[in-house]
Each structure stands twice: as structure tokens, then as C-alpha cells.
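In what follows, a single structure is set out as C-alpha cells and then discussed.
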Amino acid sequence: MSDDEAVGACGVARCPRMECMVRARNEKYRMNKPFTIPMDNQKSTRASDYFGSLTFSGDVMLKRLPPEVFMNLQRTMRRNLSLDRSIANTVASAIKEWAIEHGATHYCHWFQPLTGLTAEKHDAFLSPTGDGGAIEKFSGDALIQGEPDASSFPSGGIRDTYEARGYTAWDATSPVFLLRAGDGNKTLCIPTAFVSWTGEALDQKTPLLRSIDAVSKHALRIVHALGDAKTSQVIATLGCEQEYFLVDRELFLQRLDLVVCGRTLVGTQPPKGQQLEDHYFGAIPEAVLSYMTECEERLFELGIPVKTRHNEVAPGQYELAPTFENSNVAVDHQMTTMHVLRSVARKHGFECLLHEKPFARVNGSGKHNNWSLSTDTGVNLLDPRDDTHTNMQFMIFLVAVIRAVDVHADLLRASIATAHNDHRLGANEAPPAIMSIYLGEMLTSILDQLERGESKKSAKAIELDLGARTLPQIPRHSSDRNRTSPFAFTGNKFEFRAVGSSQSVAWPNTVLNTIVAESLDLIATELEKKLRKNPSPAKMDSIVRDLLKDLVQSHRRVCFDGNGYSAEWHAEAAKRGLPNFPSTADSLPALATKKAERLFAAYGVLSTRELHARYEVQMEQYCKIVQIEGRTLVQIAITQVLPAALRAQGELADVIAATQHAGVPCPESESALRDLAKQVVALRDAASELAIATAKEVPNIEKRMRHFRDVVVRSIEKVREISDGLERVIPADLWPLPDYATMLLVR
């Protein structure tokens, strides 16, 4: 996402006036007619009228609700309030009529359990009347609250099998929407929170909403202390870039590892990968462009402001990026985006792979989390604006983030810890597991001056002369971009680059909001205490400078503008005392510390029990994912790779026997046969070891997690190494799996 896509105030961005058309597909997947945004022949229709046509918001609400109900609901959405029950039936009736007019027959409470996915249970609008008939029914109670089974979702011990009651509650700050199925059927989806009978959070949304309230509350204290009386709310804003791979679906279905695990567990590097750097920003293949266009059409309908599409670094890899929104809405939209990417891909004969590392030794995928804070008056609190040096408000919020990342680097690392992301973090394609902040030359210079108590002018952007009369001079930003940093300042926002591509962004943003809220609370408390004694503007400047100086001196160790991939940085980070958690199993224990318990409890985001539940769930998920991968690899090794190797061994033995029978010596072939036989034995032994390792019972969950990290993961790597060696020597007609070259390079 470019720096020019500035963070604005809360609200969905407008789609530019445009006409979207699906281009020709392969004959096998060609549509009967191209898709176009509906345009009235008699008068020009704004594309923005089409944008969000399947969401119950904006103009749709205005047309269908009484004015007083509309104003009440708008106030609820804009100020992050709960819905006034007195208007619930009116709103529900309008939503039902709108949904049925658009072809919906069912509705569901759409929520985000701790699986990291979404969940939905569909109920029909039709209800039997008892006399053999039926009526269309959808009450305010059905809109506001549902009751799914809470024992069938991961809960970390909060719910047991015999304690099944759970509740879903409508989050009225996120628009209700209609989700299209492949055959055109639509379901009314009501974004909801999911809690247990005891009121404890069982989902991703509830703590996210709490964290948004926390960061808004303490940011508002600072804004008011600095003299801004107009601002009544601070909004966490978010825009998430999404990287993904596309492979032919027929090839995908021939790979058990891709179907079950989302990544290839075996596969040797193709002769041509990304060495020539010719795929990045290259011409988008026609079939892929048709897919992208239909995805955009679906997303525009849902009010999701996608803006950018392009080829990514690896062959078969692509990226989609939206503009900024309220972070709660952005999280819901991000989950919907992943659903749309997957479902539309199948229609076009592709499979969309969102795994962080679907192909070994090929660039992995991330989900860059662009985060900022904006006031409800439209001011981006992380925008340096004209003169960074005198922008006191910007500097306070910047330093607050620096402190938060330094003090809670362990929690930030734990927030993006998954078995999938372990394959990506730390490689020379993604940020390292060490949390650090990139600021750039201008801001680093300002921190230097703050530390020394100096005050000079900040560096100004200059124009670059491109050396040709036909080319314009372009402004140069005051800092470069560092793609090796896990947490980089990029002009008017922070880009948390370490988030995994398949991950829900709810949890990383919950952690980010909470740790920043703590820093803002500390700064606001200090400001309020000192300004109470002497509130003069002159004193304000002195107080802020002294406070910032102390914070910079204490926490700037986390700032690093160099090459995060280098071994020198790892040594330097250790010298600075920065934590380094290379794997999920190393990082998750940060959630079980007293420091974490106090933090989340103090800001009302998670109780100790809720936090420990997430720790339990994430450890269980890690173990289950690695165990499934181990079992899948054993099956592939024994039932596919080993038989292919034995056939190759038999054919080679027959050739050698025939050659020797003809009186022709063939020592090279005999040597190759001996090597192949050794590899066959090694594969059988390694697969047997892996099967034993995955089946081992370790009762304690923390010890089980370490067992999977130390034993099972290494066994998987060992089996893979042997299998990949066999793939390099077994004839192509005997190899049982589509290879990397076929999947990545053939379109």
C-alpha cells in the first residue's frame, strides 16, 4: 500500500467511478456474459451507488428506516455504542424486507470463534404457522441475539461439553451484509460477538472491541490535554494488504498435502523460480485478471474498499490491498475478503492458497497490517503533517507506540505466532522474529535531538531530478522504506509486516491497541498531573519535551533502521536486550505471564481466565496443525513417494541386468542403483520415526507443544529432505505428484 493512501477519519472509502468487466476466461471456465456494473441507459449512474449495494448501511438505511430510527442507528455505528432495543424490531423488519428483495431466504449470526475462521448457522426467514402455512418472520430479538452451541468451539476450558450455552450479540457498528453463494443464493449475515453463558469472550471480536475502546479512551485524554475540545472519539484505523497464491484446482486436488495442510510437504525447487525477479509487478495473466476482477466486483458489492492488485514476488503469487477503515469493520471485511478470494477462485478453475508458506524455498505470503489512530474530526494522529518538529501531538503518539513495542515486544510477537507463520518469519523474505521499529532518517534525527534536549528544524522532503526533460520532478519522502522491519513507520501509519497471510487480524490488533493504550495512559496521567499545577502553554511545551526525552532514552533501543535479515542485527539485538522468539512454541508463553495478565485486565480487554483460554487454544492449535502435517506426510511418503521410488529402483535394476547380460559394464548405473536403494531405506525409516513421533502421547499441553517443535517438526524436515532428493532422480513419468514447475509456472 502506498504512503499516499493516507489514513482518514472513520468511514468506508468511496469507490472511484468505474466500470468493471470480466475479461475472457479459458474456455472451460468462460461465463455466458461479462459482468458489468449496472448502468441506467437513461441517466448516468454513479459507481458509488453500486458500491456497498449488498450491505445494509448508508443510503440503504436512509431509504428504509424512519428518520428518528435512522439517526439512532447511525449514532450507534459512529460512536461504537450498543443498539437501542426500542428500535430493534423496526430495524429488523427493514433489514428482512431488504434482504428478501435481494433474494435472501436465510439469515445467520456471523461470528469469529477462536478457530481463527468465521462461523455461521443459517435460519430461514419462513416460520411455520401451525395451520400448515408459513410466514416470513424476523424479529428484533433474532437480530440482536442468537444462541449457538458454545461447547463445540475451542474455548480453552471456559466451556465444557456439558456446558453448551453461548450467545451471539449483534455488533451494530459493523454493517449487516448479504453473502452470495456460487449459484447466486444470498444469505443475510449479521456480524456478532460470541460469548459464553458467563459473559466471557469466546471469539476474536469481543476483545478487539474492548481494545478499541481502551485505546480511544486514553488517546482522547491526550488530545484533550493538548487543547482539542472538539474531538469526542479516537478511532483505530486499519488497512490490510493480502498476499495469496493461485494454483490450478485440478493440480491442487492431486496433492494431498495442499488439500489437507494448505502447503506442500514435499517438493523440490523448480529450475526457474523467482531468480529473474520478473514476476513482481509484471503483466497479470489474463485468466488471473478475470479472477481478480470478479473478486473486486464481489467485494465492491459488500462495501469493501479494495484498491490495489498486482503480481507479487513469487511465481503464482498476487496481492490485493484496500484503503483504510474503522479497524473493527476492517477486520470483518478482511475475513470476508479471504472467503471471497477462496470461493471465486474455484469458479475460475483455481485454488487460492492463503498459507504463509505453501511452497518451500519460494517467497511466502504475509498480510501487512497498516494501523493508525484518527480523531472523529478527521485528524490522523500519526501524520507528521507540515513541521514534524513542532507537531507536539504527533510526537507524543509516535513515542507512545515506540514505548509499547519495546515494553511488550513479547506479546506483539506472540500475537502473530502460528505454526504456519513459523515457516515464513526470519527467512530472507519476511521480517525477523525480533520485534523492532523502523522510523527513517527524519524521525531518527528528531529522536536524537529529543534525547539531547535540542530543537532544530526537521528534514524536509526534496524533489528528485530524473535527468530528462520529458520526466517530471517528483517529491522524495523524508525517509526510505525498510522491508526487513517487522514494524515500520511508513509516512502516516505503522505497518506491522509480520502478520501471517492466513491469520485473522483481530488478535494482532487487539494486542496492538492494548499495548498502545497502556503507553497513552501513562503519558496522559503524567501530563494531567503536571498540567494541573501549571496549565500555561509555555509550561506545556517544557513538560512534553521532558516527558518525551525520558521515554526516548528508555525505549529507543527497539528502533532499528538497518537490514533486519542480517546476522549482525541478531547480534546487535541480543546486545540491546531485545527478545528473540524464533518459533510459536517459544513465543506463546508470553501470554501466561503476570505482566500480560495485568495489562489485559487493567484495560478491560481480557480477564485472566479469558487470556489463559487463548493461550490454551493457541497451543492446542499449534500441536494439532503440526500433528496433521506429520500424519499427512507419512501417508504421502508411504503410499506415493515410496512406491514410485521402488518402481524406479526396479526399472533401473532391469536396465542394469539387461546391460550386463549384453556384456556391457555399467558401474555408474550400479552406483546410482545403490544410492537409490539407500534413499528408499532412509525414507522408510524416517517415515516410521515420524509416525511414532506424531503418535506420542504427551499429557501436559506445554510439554506437548515443545515435543512437536523439537521432535515432530525436525522429523518432518528429515522426511522432506529425503523425498526431495528422490524427486530429483526419479523419472518424471513415475513421480506421483504435480511438481513445483507445473504448479507455479504453467498458467
Short side-chain to backbone donor-acceptor contact, H348 and M292, under 3.5 Å
no
Are side-chain N/O atoms of D724 and Q269 paired as donor and acceptor at under 3.5 Å?
no
How many angstroms lie between OG in S365 and CG in L353, if you round to the nearest 0.5 Å?
8.5 Å
Between Q679 and V729, does a side-chain contact (heavy atoms from CB on, under 4.5 Å) hold up when you go through it step by step?
CA-CA 11 Å; Q679 286 179 287; V729 297; 4.2 Å; yes
Taking the six-membered ring for Trp, are F359 and Y740 ring centroids under 6.0 Å apart?
yes
Sequence neighbours left out, what pairs pass side chain to side chain donor-acceptor pair (under 3.5 Å) with at least one residue falling in residues 638-659?
none
Would you say the side-chain atoms of N421 pair up with the backbone N or O of A498, donor to acceptor, closer than 3.5 Å?
yes
Tell me if a side-chain donor or acceptor on K718 pairs with a main-chain N or O of A686 at a distance below 3.5 Å.
no
Would you give the length of the straight line joining atom CD1 of I701 to atom OH of Y615, rounded to the nearest 0.5 angstrom?
8.5 Å
Smallest separation among heavy atoms of C108 and T187, with atom names
SG-CG2, 4.2 Å
Say whether, by atom type as modelled, one donor and one acceptor occur between the side chain of K357 and the main chain of T264 under 3.5 angstrom.
no
So N311 and V288, do their side chains get closer than 4.5 Å, heavy atoms only?
no
Strictly by salt bridge (charged side-chain N to carboxylate O under 4.0 Å, His left out), give each pair with a member in residues 254-263 just once, sequence neighbours left out.
R255-D257, R263-E629
Roughly how far, to the nearest 0.5 Å, is CE of M619 from CD of E616?
4.5 Å
Give a yes or no on whether a salt bridge exists between R704 and E620, defined as a side-chain N under 4.0 angstrom from a carboxylate O.
yes
Ion pair present between R346 and E351, side-chain N to carboxylate O less than 4.0 angstrom?
yes
CD of E495 to OH of Y438, rounded to nearest 0.5 Å, is 11.5 Å
Once ring pair (Phe, Tyr, Trp, His ring centres under 6.0 Å) is applied, do any residues pair with F487, and if so which ones, sequence neighbours excluded?
F494, F496
Acceptor/donor pairs from residues 662-673 side chains to any protein atom, 3.5 angstrom cut, sequence neighbours excluded:
| residue | atom | partner | partner atom | Å |
| --- | --- | --- | --- | --- |
| E670 | OE2 | Q660 | NE2 | 2.5 |

Is it true that R706 and E702 make a salt bridge, defined as a side-chain N closer than 4.0 Å to a carboxylate O?
no
Is a side-chain N or O of S688 found less than 3.5 angstrom from the main chain of R684, in a donor-acceptor match?
no
Would you check if F350 and R249 make a side-chain contact, meaning some heavy-atom pair closer than 4.5 Å?
no
Side-chain donor/acceptor of E727 to backbone N/O of T268, under 3.5 Å
yes
Using the rule given for side-chain hydrogen bond (donor to acceptor under 3.5 Å, both in side chains), can you reason through T418 versus Q621, listing the C-alpha separation, both sets of side-chain angles and the distance that settles it, and then say yes or no?
CA-CA 8 Å; T418 67; Q621 284 184 333; over 6 Å; no
State, with a plain yes or no, whether a side-chain heavy atom of Q254 is found less than 4.5 Å away from one of L737.
no
Parallel, tilted or perpendicular: which one describes the rings of Y244 and Y291, with boundaries at 30° and 60°?
perpendicular
Whether the side chain of S715 engages the backbone of L690 through a donor-acceptor N/O pair (distance < 3.5 Å, no angle test) should be reported.
no
Would you say D332 and W110 make side-chain contact, with heavy atoms under 4.5 Å?
yes
The reported gap from CZ in R413 to OG in S583 (rounded to nearest 0.5 angstrom) is 7.0 Å
Checking side-chain contact (heavy atoms from CB on, under 4.5 Å) for the pair E356/S501: CA distance, chi angles, key distance, verdict?
CA-CA 5 Å; E356 284 73 6; S501 55; 3.8 Å; yes
Do Q242 side-chain atoms and K367 backbone N/O form a donor-acceptor pair below 3.5 Å?
no
With a 3.5 Å cut-off and sequence neighbours excluded, list the donor-acceptor pairs that the side chains of residues 337-345 form with protein atoms.
| residue | atom | partner | partner atom | Å |
| --- | --- | --- | --- | --- |
| T337 | OG1 | H333 | O | 2.8 |
| S343 | OG | H339 | O | 3.1 |
| S343 | OG | V340 | O | 3.3 |

Side chains of E319 and T308, donor plus acceptor under 3.5 Å:
no
Donor-acceptor contact present, side-chain R361 to main-chain G267, <3.5 Å:
yes
Taking the side chain as every heavy atom from C-beta outward, state whether F111 and L202 have any atom pair closer than 4.5 Å.
no
Of all the heavy-atom pairs spanning I625 and A419, show the shortest one and how long it is.
CG2-CB, 3.7 Å
Intermediate values then yes/no, side-chain contact (heavy atoms from CB on, under 4.5 Å), N370 and C240:
CA-CA 6 Å; N370 295 279; C240 296; over 6 Å; no
Please list, chain by chain and in numerical order, all residues satisfying ring pair (Phe, Tyr, Trp, His ring centres under 6.0 Å) with W735, sequence neighbours excluded.
none
Could you tell me if the side chain of N363 sits less than 4.5 Å from the side chain of E243, heavy atoms only?
no
In Å, rounded to the nearest 0.5 Å, how long is the span from CD1 of I638 to CG of L633?
9.5 Å
D739 and T742: side-chain donor and acceptor closer than 3.5 Å?
yes
Is the side chain of S415 donor-acceptor paired with the backbone N or O of L412 at a distance under 3.5 Å, no angle test?
yes
